[in-house]
Every structure is written in C-alpha cells, then in structure tokens.
There are 2 protein chains.
Amino acid sequence: MNPTQSLSLQLYTNSRILIQLIQGSLTEFGLTYPQYLVLAVLWKEDGLRVNEIGQRLELDSGTLTPLLKKLEAMNFVKRQRGEADERTVTAELTYPGKSLQSKVQESLNKLDAIIQEIPDFSIDSLNQTLAGLLENLKAIKNSDHA
Amino acid sequence: MNPTQSLSLQLYTNSRILIQLIQGSLTEFGLTYPQYLVLAVLWKEDGLRVNEIGQRLELDSGTLTPLLKKLEAMNFVKRQRGEADERTVTAELTYPGKSLQSKVQESLNKLDAIIQEIPDFSIDSLNQTLAGLLENLKAIKNSDHA
DNA sequence: TTACACTAAATTGTATTCAATTAAAAATTT
DNA sequence: AAATTTTTAATTGAATACAATTTAGTGTAA
C-alpha cells in the first residue's frame, strides 16, 4: 500500500462520507449532491454551456446531460440551444432555481458550523492543499495521453 | 460557498481524478477501482465477512454483494456461507486472486513515483490529515442520528 | 417455547460516473 | 465550394453508491 494508494482511499472515503452528511441537508429540497453542484455553479455564474459547467466540475456530457434534464424537469433550470452555435446548450436558472440558493445555503451553513468545531484541523489549509493537488493531478492526467 | 462546501467539492473532484489515473493501471487486469479496493482489503486480511469488508471501506451490502459476485465470476474470490452463522458470507481469495497482488502493486508503484514528484507537497502529511478528518466525519455522521 | 427483536446479506429502485460511440454543426484545409 | 477535421451534446452500456425494504437466521425475554 504505497502513499498514492492510501491517498486515493482517503479521498474516496472522506468524499463519500462528507457527501452523505451534506445529502442530509439537500434531501429536504429534493436535490442530490451532483444536482446541487450544478446549481452551485450556476448560482455563481448563470447561463453557462454544458461544456463550461463540465470544466468547473470535471464532469462530461455523459453525466451532465441527463442531470440537467432532471433539473429542468424539476423546474430549477431551463436548457436552451445556442442561437449562434447550434451545437451548444446553455443552462439558465429559473426563478425557483434562483430562490433555492439562500435556503440551501442556510442549511449547509449549519453543517459547516459543526465541521468547523473539529479540533486541531484547519479546513482552509486542507482546501488549499487539495486545490493544489487537483491542478497537479489534472496535469498528470493530461500528460499521460502523450 | 462556505469552507465545508469547498472541501466537499475538492474531495469529490480530487477523488475522481485520482481514481481515473489509478484506473489506467487497473484496466489491464480487468479491474474497476472498487473491485481493486475489495481485493486490497483481502490481500491484507483474507476470509473476511461482507460486513467486515464493509467496515473497512465504509460500503454496505448493497454495493458489496454484486461486486463480490462479480469478483467471484472473475475467479478472483470465492464466497462462502458461514457454517456457524448461516447469515454471514465470507470472501476468500482464490489463487489467481492472490497472484494478482504483486502485478497490480507493481503497476500502481509506477503511478506513485509520478505522484511523489509533485513539488511542495507531502502526501504522507495529507494522508494523516485525511485519516483524522475521516474519524471526525464518521463521529458527526453517527451523532446525527440522535 | 414462543413471540419479539436484532442482525447479515440480498434485493430493489434511483441516480450518478465514465469510457466509447454517434450525430450534427462548425471550422479548417485543400 | 467540397472534403476533412474538430467541436459539442447526446446516447449507450457497464459498474457503482446508497436509501429503503426484504428475507432468513439468530438471540432474547416473557
């Protein structure tokens, strides 16, 4: 079990358990975690193309297309074919989709307060480390194709 | 976007990208990442019950039962009903399953060498941080049920 | 001992992930 | 302009995750 194997298991398990905790806050809104992530991207920057959402979350159309159709069926998002470039599809928040933000945020802030109480643990420091790691992993992934 | 929201996205994304890199080493053996994880648990301690594998990976029978059946179909594992307690099922490595370890390990060590080259990054330190975080997250998850 | 609770695995149904392929539109090259 | 390449989503198929339920076996208490 080399350090990379340990790291992958730690990331995988921490990710799943934390998402389970977050899911507890999302269920009341009928959202799954990936659905929430897409909404969070749009709350920050609305009207993005499928492509652009994918870049921000490292997800492809195989995941995003059905997910966006689901969000559209739930009336949180409207999908629209690009006028200039008909290959593209943009996702725009509906009014209910926009309204959701403050409610979801309030619920997630309660969980954050609990996580912040973990002793001897700097969540900001960990976030910085992980942001740096991600850039390196993406670089390795792309260089592998050579 | 509070620190916990950032953390979940970082864990989720880093986890997926690192697993994609590892998958590149596993495909030649016909293994998926969760299948490899179960084998890795058994390489360390053979003959565990479904339950016990689940504790080590934080996975339940809904995930493990079909996965173990797949590993059995690939002849890497043999599942056996407990004699004393017929509710239990134990997973034992077959000879091909055991033989796989050194080959998979060799391939994963190559990836580890690349990851180790990332500058200004202590993978061991990160692993320790994540191990500690996981224990805290599990405690929060279990206390939530109160 | 018989009813009741508990435990372990399996099953069911929904929702991702992701590699690989397809289809259509746009950009580029010849 | 016609052919080729590239780009963008969508589709397809296999394999998880996981909550919720079911089934069967075990333990316990009246």
Side-chain angles (χ1 to χ4, degrees), chain A residues 8 11-24 26-28 30-39 48-55 57-74 79-91 141 144-145, chain B residues 11-24 26-39 48-55 57-74 79-91 141 144-145:
Chain A
S8 72
L11 290 170
Y12 170 76
T13 310
N14 272 285
S15 170
R16 286 188 301 108
I17 302 298
L18 181 53
I19 288 171
Q20 286 173 26
L21 287 175
I22 291 174
Q23 186 62 57
L26 298 178
T27 299
E28 60 177 311
L31 292 174
T32 65
Y33 181 73
Q35 289 165 6
Y36 147 75
L37 281 184
V38 168
L39 289 178
L48 293 176
R49 293 191 293 271
V50 173
N51 212 2
E52 298 170 318
I53 298 171
Q55 287 172 11
L57 300 175
E58 297 290 329
L59 291 170
D60 67 12
S61 65
T63 300
L64 291 175
T65 294
L67 197 157
L68 285 167
K69 285 181 177 174
K70 198 78 202 301
L71 287 176
E72 186 170 46
M74 292 189 277
R79 296 182 327 128
Q80 277 180 321
R81 278 283 158 196
E83 291 181 19
D85 185 341
E86 288 194 18
R87 292 170 301 181
T88 66
V89 168
T90 60
K141 184 186 167 191
D144 257 6
H145 282 279
Chain B
L11 289 170
Y12 170 78
T13 310
N14 272 284
S15 170
R16 286 188 299 107
I17 303 299
L18 181 52
I19 288 171
Q20 285 173 25
L21 287 174
I22 290 175
Q23 187 62 55
L26 297 178
T27 299
E28 61 177 310
F29 306 108
L31 291 173
T32 65
Y33 181 72
Q35 289 165 6
Y36 147 76
L37 281 185
V38 168
L39 289 177
L48 293 175
R49 292 192 292 270
V50 173
N51 213 3
E52 297 171 318
I53 297 171
Q55 287 173 12
L57 300 175
E58 297 291 328
L59 292 170
D60 67 11
S61 65
T63 301
L64 291 176
T65 294
L67 197 158
L68 285 167
K69 285 180 177 175
K70 197 80 202 300
L71 287 176
E72 186 171 46
M74 292 190 276
R79 294 183 328 130
Q80 278 179 322
R81 278 283 159 193
E83 292 181 17
D85 187 340
E86 287 193 18
R87 292 170 302 181
T88 66
V89 167
T90 59
K141 183 185 169 193
D144 257 5
H145 281 279

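We name chains A, B, ... by the order of the sequence lines, and we start the count at 1 in each one.
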Atom [atom1] of [X] to atom [atom2] of [N]: distance rounded to whole Å?
{"X": "A/Leu39", "N": "C/dT16", "atom1": "CG", "atom2": "P", "answer": "11 Å"}
{"X": "A/Leu48", "N": "D/dT8", "atom1": "CG", "atom2": "P", "answer": "14 Å"}
{"X": "A/Leu59", "N": "D/dA10", "atom1": "CG", "atom2": "P", "answer": "15 Å"}
{"X": "A/Leu21", "N": "D/dA19", "atom1": "CG", "atom2": "P", "answer": "11 Å"}
{"X": "A/Leu68", "N": "C/dT17", "atom1": "CG", "atom2": "P", "answer": "13 Å"}
{"X": "A/Leu64", "N": "C/dT17", "atom1": "CG", "atom2": "P", "answer": "10 Å"}
{"X": "A/Ile22", "N": "C/dT16", "atom1": "CD1", "atom2": "P", "answer": "15 Å"}
{"X": "A/Arg49", "N": "C/dA26", "atom1": "CZ", "atom2": "P", "answer": "13 Å"}

Within less than 4.0 Å of OP1 or OP2 of [N], is there a side-chain N or O belonging to [X]?
{"X": "A/Lys69", "N": "D/dT11", "result": "yes"}
{"X": "A/Thr32", "N": "C/dT16", "result": "yes"}
{"X": "A/Tyr33", "N": "D/dC18", "result": "no"}

What's the closest nucleotide to the [X] side chain, out of [options]?
{"X": "A/Arg16", "options": "D/dC18, C/dA25, D/dA9", "answer": "D/dC18"}
{"X": "A/Asn51", "options": "C/dA8, D/dT8, C/dT17", "answer": "D/dT8"}
{"X": "B/Val89", "options": "D/dA19, C/dA10, D/dA9", "answer": "C/dA10"}

With nearest nucleotides of DNA chain C determined for A/Glu83 and A/Thr63 from heavy-atom distances, which residue corresponds to the more 5′ nucleotide?
-> A/Thr63
For A/Glu58 and B/Thr13, indicate whether the former's side chain and the latter's backbone hold a donor-acceptor pair under 3.5 Å.
->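 Looks like no, no N/O pair under 3.5 Å.
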By nearest-heavy-atom nucleotide on DNA chain D, the more 5' of A/Tyr12 and A/Asp60 is A/Asp60
Closer to the 5' end of DNA chain D via nearest nucleotide, is it B/Gln35 or A/Asp85?
-> A/Asp85
base_contact_polar (D/dT26 base, B/Arg87 side chain, donor-acceptor, <3.5 Å) = no
Is any N or O donor-acceptor pair between the side chain of B/Ser61 and the base of C/dA8 shorter than 3.5 Å?
->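 Answer is no: no donor-acceptor pair is held.
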Give me the one residue out of B/Ile22, B/Leu21, B/Asn14 that meets side chain to side chain contact (heavy atoms under 4.5 Å, CB included) with A/Ser8.
->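 Going through the options one by one, the only one that passes is B/Ile22.
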Check the pair A/Val38 / A/Leu68 against side-chain contact (heavy atoms from CB on, under 4.5 Å), numbers first and verdict last.
-> CA-CA 8 Å; A/Val38 168; A/Leu68 285 167; 3.8 Å; yes
Pairwise side-chain contact, B/Leu39 with B/Leu71, heavy-atom cut-off 4.5 Å (strictly under) |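 Of all side-chain heavy-atom pairs linking B/Leu71 with B/Leu39, at least one is under 4.5 Å.
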How would you label the contact of B/Gln23 with the nucleic acid (heavy atoms, under 4.0 Å): base, sugar-phosphate, or nothing?
-> nothing
d(A/Gln23 CD, A/Glu28 CD) to nearest 0.5 Å is 11.0 Å
